[in-house]
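So the structure is just underneath, and the comments pick up after that.
Letters A, B, ... are given to chains in the order of the sequence lines, protein chains preceding strands, and every chain is numbered from 1. Hydrogens, waters and symmetry mates play no part in the numbers below; they use all other heavy atoms, side chains included.
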Amino acid sequence: MAKKNKTAITPTREQDYPAWYQEVIKVSDMAENSPVRGCMVIKPWGYALWENMVREIDAMFKETGVKNAYFPLFIPLSYLEKEAEHVEGFAKECAVVTHHKLEKDDKGGLKPAGKLAEPLIVRPTSETIIGESMAKWTSSYRDLPILLNQWANVVRWEMRTRMFLRTSEFLWQEGHTAHATEQEAKERTMLMLDVYTKFVEEYLAMPVIRGRKTVSERFPGADDTTCIEAMMQDKRALQAGTSHFLGQNFAKGSNIKFQNEEGEEAYAWTTSWGTSTRMIGGMIMVHSDDDGLVLPPRVASAHVVILPIFKKDGDNRAVKESAQDLKDALEEKQYHGRNVTVEIDDRDIGGARGWDWVKKGVPVRIELGPRDMAQNSVFMARRDEPSSQKQSMNREEFIGQITDILDNIQDNLFNRAKNYREENTFEIDDKKAFYKLYKKARGFDNGAFVMAHWCGSEECEEKIKKDLSVTIRCIPFDSSTEEGNCICCNNASSRRVLFAKAY
RNA sequence: CGGGAUGUGGCUCAGUCUGGUAGAGCACAGCGUUCGGGACGCUGGGGCCGGAGGUUCAAAUCCUCUCAUCCCGACCA
């Protein structure tokens, strides 16, 4: 017997949170770094998770009347110039295509040739090119609203990257809508934020705080940016989705005009909203532990893994068949719109096999051997409980209860995360206490979520960001108005906002 | 783009100071013993030491240039 580690992952979360995060991704077999700078390879176990997420949230979009479409990867450079703030916001991180072919150079290598008349940028987001189409499609108020979404990859040439959280290329969905009235566009902005909230909380089991971004944190070109913010285990905040009210800014830039019921020419009101593979990074950081990945059942790449226990002299064929029968019985069950998915792992690699699946985060592990067969039972372990806590269950009972067990795990993950956030969220009114909390923040302990008063000035926001690298994550919708004094300048304030260190 | 570091089997690294046959652990393959909490033994496959030049009888090791990556800043879903 080799000596046992205390945890499957080293370092642990407390020892080195960023290294732990990378290690979870590696040992769970979700993704790995690619030879291309800042980009990642999403492996089948990680991609299956993404596919599950896509399927669920896509259905939710469609329920609100949104239809999917697809627009080009390349955007003419001039399009990006159509909205002033938008150019400003994205210009520094765009990949630019300037040539359209390769020629042999004198060293036997290749060099770009065939210079393009107008450079193309690889989309960092598609407001401008979709706006171009919307302008073409819109001539009457009867053409509105246009409710579009596209699933796509986008490229943002970030300086520093981290798998899932910030990669140069990432997968996402971007919704784009155009409306005849301001009111309707604003309602759509909130409706999509509701969809994100529901998805992230119910499927990813991540509790979020909904709110509005401050002016300085707004999407470039938006009149209003709303968001959902979640707390990671290191007490930093991660934005898990955004929905923007773009006013008429992009409509004017792209010339999205129509004749209203009165026969007058008017600009449309547009929105855009997105979530990305970044949600996976958030999900990892919220639920996973020192033994590896923990997957919420509703999006898990697989729900159950069966580990047949073979005896040297026993009838292994019977165990194998029994495992297959169990898999078949479980897979007939429906769990939130899809069949229960079951893996059988019969590799002959000893105890390492079980740990593999702990590290991969599969919600339920079943050991099935001759002893269980004799008793018509199964030996079950749940990923949300300590890995030693296995229990014997009657086989039929287990099959009957599988969806309840999965729901129970799902709820447990959500409640655990919610409690953690609540335990680490404080109202602070004293500037010294506020500074003290964040001054010591580093590594695993990044302070807390702090609800504090803010006068509304960019100066105070900027000062706190500079002093503590703490930002206003959002002005929460559900915090009631309350008289107080700005945590920074002590001027009058009418409501608390959410402060935190952010990813 | 500033500051710091590193490039050696798939991975993590030793060897470089002081030049002399390319190493270890893990992973992988085969065989045997194991197996309900992370197994062990034996055998084996795999690297022209990031690249180009130079010094030398001889370069992973010294020199010059170059490329790439990582970490710390400014930017961000």
Under a 3.5 Å cut-off for both distances, is rC13(B) Watson-Crick or wobble paired, and to whom? rG23(B)
rU56(B) and rG30(B), which share atom name C1', separated by this distance in whole Å: 45 Å
Step through it carefully: locate the ring centre of F61(A), locate the ring centre of W273(A), and say whether they are under 6.0 Å apart. yes
Categorize T167(A) for me: base, sugar-phosphate, or nothing, with a 4.0 angstrom heavy-atom threshold over every strand shown. base
Aromatic F379(A) / basic K390(A) pairing, under 6.0 angstrom, 45° off normal: no
I want to verify a distance call: between rU34(B), rA77(B), rG38(B), whose nearest atom is closest to the A8(A) side chain? rG38(B)
When we call it a touch if two heavy atoms are under 4.0 Å apart, what does G369(A) touch: a base, just sugar-phosphate, or nothing? base
Can you figure out which of rC35(B), rC11(B), rA77(B) approaches the side chain of R278(A) most closely? rA77(B)
Among rA77(B), rC35(B), rG36(B), find the nucleotide with the atom closest to the side chain of R371(A). rG36(B)
Listed nucleotide nearest any side-chain atom of R166(A), set rA77(B), rG36(B), rG38(B): rA77(B)
How is K466(A) classified with respect to the nucleic acid when contacts are heavy atoms under 4.0 Å: base, sugar-phosphate, or nothing? nothing
base_contact_polar (rG38(B) base, D356(A) side chain, donor-acceptor, <3.5 Å): no
Which listed nucleotide (rG38(B), rG36(B), rA77(B)) is nearest to the side chain of I309(A)? rG36(B)
Say you pick atom P in rG32(B) and the same atom in rG51(B); how far apart are they, in whole Å? 42 Å
Taking rA74(B) as the reference, what is the distance to rC65(B) when you measure between their C1' atoms (whole Å, please)? 30 Å
What is the distance, rounded to the nearest whole Å, between atom NZ of K92(A) and atom P of rC1(B)? 16 Å
Would you mind telling me which of rG36(B), rA77(B), rC75(B) lies closest to the side-chain atoms of R156(A)? rA77(B)
With sequence neighbours left out, which residue pairs that include part of residues 211-239 of chain A fulfil the ring pair (Phe, Tyr, Trp, His ring centres under 6.0 Å) condition? H86(A)-F219(A), F90(A)-F219(A), F219(A)-H244(A)
Sticking with atom C1', work out how far rG41(B) lies from rG50(B), rounded to a whole angstrom. 38 Å
Suppose we call two aromatic rings close when their centres sit under 6.0 Å apart. Are W172(A) and F170(A) close by that rule? yes
Separation of rG36(B) P from W355(A) CH2 (nearest whole Å): 13 Å
Could you tell me how far rU69(B) sits from rA22(B) if I compare only their C1' atoms? Round to whole Å. 24 Å
On RNA chain B, nearest-nucleotide positions of R218(A) versus K359(A): which is more 5'? K359(A)
So what's rU34(B) paired with, Watson-Crick or G-U wobble, going by both distances under 3.5 Å? none
Which is true for Q239(A) with a 4.0 Å heavy-atom rule: it touches a base, it touches only sugar-phosphate, or it touches nothing? sugar-phosphate
Tell me what Y503(A) touches on the nucleic acid: a base, only sugar-phosphate, or nothing, going by heavy atoms under 4.0 Å. nothing
K235(A) and side chain to side chain donor-acceptor pair (under 3.5 Å): which single residue from D445(A), T425(A), N446(A) fits? D445(A)
Heavy atoms under 4.0 Å, any strand shown: does T125(A) hit a base, just sugar-phosphate, or nothing? nothing
Gap between atoms CD and P, on E158(A) and rC75(B) respectively (whole Å): 12 Å
Under a 3.5 Å limit on both distances, the Watson-Crick or wobble mate of rA52(B) is rU64(B)
Looking just at side-chain N and O atoms, do S272(A) and E127(A) make a donor-acceptor pair shorter than 3.5 Å? yes
Expressed as a whole number of Å, how far does the C1' atom of rG9(B) sit from that of rG25(B)? 13 Å
Taking the P atom in each of rC49(B) and rC62(B), what is the distance between them to the nearest angstrom? 15 Å
Taking any heavy-atom pair under 4.0 Å as a contact, classify L307(A): base, sugar-phosphate, or nothing. nothing
Options rA77(B), rG36(B), rC76(B), nucleotide nearest the side-chain atoms of D372(A): rG36(B)
How far does the P atom of rG47(B) sit from the matching atom of rG2(B), given to the nearest Å? 39 Å
Would you verify whether the NZ or CZ of R236(A) falls within 45 degrees of the ring axis of Y503(A) while also being under 6.0 Å from that six-membered ring's centre? yes
Starting at CD1 of I9(A) and ending at P of rG38(B), how long is that distance when rounded to a whole Å? 18 Å
By a 5.5 angstrom centroid cut-off and a 30 degree plane limit, is there stacking between W172(A) and rA77(B)? no
Give the rounded distance in Å between these two atoms: CD of Q22(A) and C1' of rU69(B). 14 Å
